[in-house]
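Quick caveat: nothing in here was measured; it's all calculated off a predicted structure. All residue numbers in this chain count up from 1 along the given sequence. FYI, side chains are in, hydrogens and waters are out, and symmetry mates aren't considered; it's all heavy atoms of this structure.
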Amino acid sequence: MGVYVPILVLGAIAAVFAVLSVVLATVVGPSRRNRAKLDAYECGIEPTPQQGGHGDSAGQRGPRIPVKFYLTAMLFIIFDIEIVFLYPWAVHFDALGAFGFAAMALFIFNVSIAYAYEWRRGGLSWA
């Protein structure tokens, strides 16, 4: 149990530092609130106003965020998760043999098809 004491001490120091930083920032930092600071910020994409109605017709309030933002985020998550599977394969490449190589070649082929589809569809363009 004595081996874990330094890890516990380091964790306690990190927790105290995190809580202390947040508390100190709220106490010492300036508090000038305005409408622009309270608005939602979504990666530089300007929110579009809702069409028609009072603004909260479907249980929503405020401006709507374009769907393209969410599609780009989902693409990033999907491809990021797929690429994470390459790391364990690279570590144990020698032990897996021909079966591991064939499985990863099939996996990379599938990822490449999805990437080519999104590229051709225009999902990766920023314009």
So if you build clusters from Ile, Leu, Val, Met, Phe, Trp, Tyr with side-chain heavy-atom gaps below 4.5 Å, do [X] and [Y] land together?
| X | Y | result |
| --- | --- | --- |
| Met74 | Tyr115 | no |
| Ile81 | Met104 | yes |
| Ile77 | Leu75 | yes |
| Leu86 | Phe101 | yes |
| Leu24 | Phe17 | no |

Spacing of Ile78 atom CD1 and Glu118 atom CD [to the nearest 0.5 Å]
8.0 Å
Nearest-0.5 Å distance, OH of residue Tyr87 to NE2 of residue His92:
15.0 Å
Is the centre of the Trp89 ring less than 6.0 Å from the centre of the Phe85 ring?
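No, too far apart.
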